[in-house]
Amino acid sequence: MPRFHFDIREDSRLIPDEDGQNFADVDVARKEAVLTGASIAREAFVAGSADQVVVDVREDEHAPCLKISITLSVEKLADG
């Protein structure tokens, strides 16, 4: 079973995934990466600690095979 690593970036802060997780294939890893990214983004956006969360998915020591990017954009609108 392939081992996938989810390297997380919150704005410019990198959190590498040294351990990884086993998934049946890249499609299953993609689903988990989306869930992981959404969960991290929710916490970071509410806390105000980041405006963008990126999950780079790589299989073992290979280059990333997927990139999940979640960006918060807030626009203050004029009254009335």
Side-chain angles (χ1 to χ4, degrees):
M1 190 173 285
R3 188 165 201 81
F4 294 90
H5 300 262
F6 297 171
D7 297 326
I8 309 295
R9 279 187 284 132
E10 293 180 19
D11 290 337
S12 62
R13 181 176 159 224
L14 174 65
I15 305 161
D17 179 3
E18 302 295 334
D19 298 326
Q21 299 177 45
N22 292 324
F23 295 104
D25 57 36
V26 71
D27 291 329
V28 177
R30 183 197 69 78
K31 290 176 186 174
E32 185 62 29
V34 169
L35 289 171
T36 299
S39 176
I40 292 169
R42 180 175 187 264
E43 289 181 27
F45 294 170
V46 169
S49 62
D51 292 328
Q52 182 179 46
V53 172
V54 176
V55 181
D56 287 320
V57 180
R58 58 186 167 83
E59 187 175 347
D60 289 322
E61 298 305 317
H62 301 290
C65 58
L66 295 172
K67 177 184 282 194
I68 288 74
S69 179
I70 305 167
T71 303
L72 173 68
S73 177
V74 177
E75 182 178 344
K76 187 172 183 178
L77 303 176
D79 292 337

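Between Pro2 and Ala24, the shortest heavy-atom distance links the atoms CD-O, 3.6 Å. What you find for Gly37 and Val55 is that their closest heavy atoms are CA-CG2, 3.7 Å. Summarising the geometry of Cys65 relative to Phe4, their closest heavy-atom pair is SG-CE2, 4.4 Å, with the distance given to 0.1 Å. The minimum heavy-atom distance between Ala50 and Glu10, with the atom names listed, is CB-CB, 4.0 Å. Minimum heavy-atom separation, Asp60 to His5: O-CD2, 3.4 Å. Looking at every heavy atom in both residues, Ile68 comes nearest to Ala33 through CD1-CB, 3.9 Å.
Residues Phe6 and Ile15 are members of one and the same hydrophobic cluster, defined by side-chain heavy-atom contacts under 4.5 angstrom among Ile, Leu, Val, Met, Phe, Trp and Tyr. A chain of hydrophobic side-chain contacts below 4.5 Å, direct or via other Ile, Leu, Val, Met, Phe, Trp or Tyr residues, connects Ile40 to Val74. Neither Val57 nor Leu35 shares a network with the other; the hydrophobic side chains, linked directly or stepwise wherever heavy atoms of I, L, V, M, F, W or Y lie under 4.5 Å apart, form separate groups for each.
The environment of Arg42 atom CZ is sparse: at most 12 non-hydrogen atoms of other residues, nucleotides or ligands sit within 6.0 angstrom.
Without hydrogens or angle criteria, Arg30 side chain to Asp25 main chain gives no donor-acceptor distance under 3.5 Å. Side-chain atoms of Arg9 never come within 3.5 Å of backbone atoms of Val54 as a donor-acceptor pair (strictly under, hydrogens ignored). Proximity of a side-chain donor or acceptor of Asp17 to a complementary backbone N or O of Ile8 within less than 3.5 Å is not detected.
Across Val34, Thr36, Val28, a single residue satisfies side-chain contact (heavy atoms from CB on, under 4.5 Å) together with Glu32, and that is Thr36.
Looking at residues two or more places apart in sequence or on another chain, you find a side chain to side chain donor-acceptor pair (under 3.5 Å) between Arg58 and Asp7.
Inter-residue side-chain proximity for Ile70 and Gln52 is flagged as unmet; no heavy-atom pair is nearer than 4.5 Å.
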